[in-house]
Amino acid sequence: MFQTSADPVRPIRVMLVDDDAMVRTGVRALLESDPGLVVVAEASDGDEVVSALHAHHPDVVLMDLHMPRLDGIRATERLLREVNPPKVVALTSIDLDRYVYEALAAGASGFLLKDVRPEQLRAAVRTVHQGDAVLSPRSTNHVLRHFAHSTRRDLVDEAHRLMASLSEKERQVAALVHEGLSNSQIARRLACSEATVKTHLSHVMAKIDAPTRVQVALLVERASPAGGIEG
């Protein structure tokens with residue numbers, strides 16, 4: 001018997017959430033020009049996302065932040081309370097510090113502006129699906145400004161307490177996540193397997209209650225405003 005060719009790799013399943021039907025149509029066309037991406041669901045408001053998640057099981061959700069009934073921040077929080085939640089990328093036309101930080105604090109794995117180039121959008125979907133984070137350059141500056149102006153002692157003390165709960169290896173992994181390294185890059189830096197890095201990172205996320213690696217990086221930044229982890 002002749003062996004048939006291997007099954008193709010399953011495409012990344014994407015859900016679009018935006019109250020503008022024209023935007024959804026345009027983004028769908030951009031994504032589906034790549035055979036490795038497929039849009040499996042659309043929603044016009046944040047209050048539709050959980051039912052769409054259960055019906056279509058997307059891997060990645062592109063989430064508009066400004067919708068008439070339930071905004072993208074609250075919708076992201078709802079999604080990430082689900083079992084096996086998807087990765088979420090905030091996609092918006094408004095570039096303000098508050099929106100960037102609130103989206104990431106809600107658990108989004110990235111923040112992009114709607115004027116992003118098509119190839120950057122497709123790459124962002126792949127990046128967050130692999131477990132990494134993605135931010136536009138301007139959004140990165142917003143996050144850094146937020147922490148530069150954040151002086152609440154109780155938040156800093158809590159960040160130090162959470163970082164102190166980690167093992168030495170977990171702290172090293174968290175610090176390298178903060179540097180923006182991928183799991184494979186961290187594995188090379190620490191001379192260990194990528195599977196070991198994933199195990200350490202899952203422990204970090206569980207201990208500090210961080211649903212995404214973005215929030216790991218934010219906590220490290222708050223615990224160490226000078227750029228390094230003490231101790």
Side-chain angles (χ1 to χ4, degrees), residues 10-32 34 36-96 98-114 116 121-136 139 143 198 201-202 204-219:
R10 183 176 77 87
I12 299 172
R13 299 166 61 84
V14 181
M15 179 164 71
L16 307 178
V17 184
D18 197 298
D19 61 323
D20 189 328
M22 292 294 291
V23 169
R24 298 198 307 271
T25 298
V27 173
R28 175 187 282 270
L30 291 177
L31 294 178
E32 292 191 335
D34 184 330
L37 307 175
V38 59
V39 176
V40 297
E42 295 184 15
S44 61
D45 200 81
D47 60 2
E48 302 170 7
V49 297
V50 173
S51 59
L53 171 69
H54 293 164
H56 301 285
H57 308 289
D59 302 308
V60 177
V61 175
L62 295 181
M63 180 77 73
D64 184 26
L65 294 187
H66 304 279
M67 292 176 286
R69 293 188 296 275
L70 185 71
D71 67 40
I73 304 296
R74 306 288 84 77
T76 296
E77 292 174 340
R78 286 189 182 183
L79 279 180
L80 294 178
R81 287 197 293 266
E82 295 293 309
V83 177
N84 298 320
K87 304 295 184 181
V88 177
V89 176
L91 191 62
T92 182
S93 58
I94 301 177
D95 185 30
L96 294 176
R98 177 170 63 87
Y99 296 139
V100 177
Y101 180 71
E102 287 184 358
L104 299 180
S109 295
F111 189 103
L112 294 175
L113 297 176
K114 289 181 179 178
V116 65
L121 180 60
R122 292 189 289 265
V125 171
R126 293 183 179 281
T127 296
V128 299
H129 181 251
Q130 293 168 357
D132 291 324
V134 61
L135 289 174
S136 70
S139 300
V143 172
K198 290 180 179 179
L201 183 55
S202 66
V204 170
M205 295 168 76
K207 286 182 179 180
I208 68 175
D209 192 25
T212 71
R213 65 194 296 127
V214 173
Q215 290 181 304
V216 173
L218 294 180
L219 185 71

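Not one N or O on the side chain of E77 forms a donor-acceptor pair closer than 3.5 Å with the backbone of G107. Side-chain atoms of R213 come within 3.5 Å of backbone N or O of G131 as a donor-acceptor pair. Between the side chain of E82 and the backbone N or O of V50 there is no donor-acceptor pair closer than 3.5 Å.
For the residue pair D71 and L65, the shortest heavy atom distance occurs at CB-O, 3.2 Å. The two atoms that bring M15 and A52 nearest to each other are SD-CB, 3.4 Å, heavy atoms only. Across all non-hydrogen atoms, the minimal contact from V89 to F111 is CG1-N, 4.4 Å. When all heavy atoms are compared, the tightest approach of R126 to G36 is NH2-CA, 3.6 Å. Nearest heavy atom pair, residue R69 against residue D47, reads NE-OD2, 2.9 Å. Nearest heavy atoms, V128 versus V125: CG2-O, 3.4 Å.
Note that the CG atom of D19 and the CG atom of L70 stand 12.0 Å from one another [nearest 0.5 Å]. How far CD of E48 is from CG of L53: 13.5 Å, rounded to the nearest 0.5 Å. Here T92 contributes atom OG1 and M67 contributes atom CE; the two are 9.5 Å apart, rounded to the nearest 0.5 Å.
Contact annotation: the side chain of S109 never approaches that of V134 to less than 4.5 Å [non-hydrogen atoms, C-beta and beyond]. Counting only heavy atoms from C-beta outward, the side chains of D59 and R10 approach each other to under 4.5 Å. V27 is not listed as a side-chain neighbour of D18, based on a closest heavy-atom distance of 4.5 Å or more. Side-chain contact check for L112 versus L91: some heavy-atom pair is nearer than 4.5 Å. At least one side-chain heavy atom of L31 sits less than 4.5 Å from a side-chain heavy atom of R122. Contact check for L37 versus E32: no side-chain heavy atoms found under the 4.5 Å cut-off.
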Side chain to side chain contact (heavy atoms under 4.5 Å, CB included) evaluation trace for L79 with V88 | CA-CA 9 Å; L79 279 180; V88 177; 4.0 Å; yes

Test side chain to side chain contact (heavy atoms under 4.5 Å, CB included) applied to I12 and K87, step by step = CA-CA 11 Å; I12 299 172; K87 304 295 184 181; over 6 Å; no

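One finds no salt bridge joining D20 and K114 here, because no Lys/Arg side-chain nitrogen approaches an Asp/Glu carboxylate oxygen to under 4.0 Å.
Applying the side chain to side chain donor-acceptor pair (under 3.5 Å) rule to R13 yields no partners; only residues at least two apart in sequence or on another chain are considered. For L80, the side-chain contact (heavy atoms from CB on, under 4.5 Å) partners at least two apart in sequence or on another chain are T76, P85.
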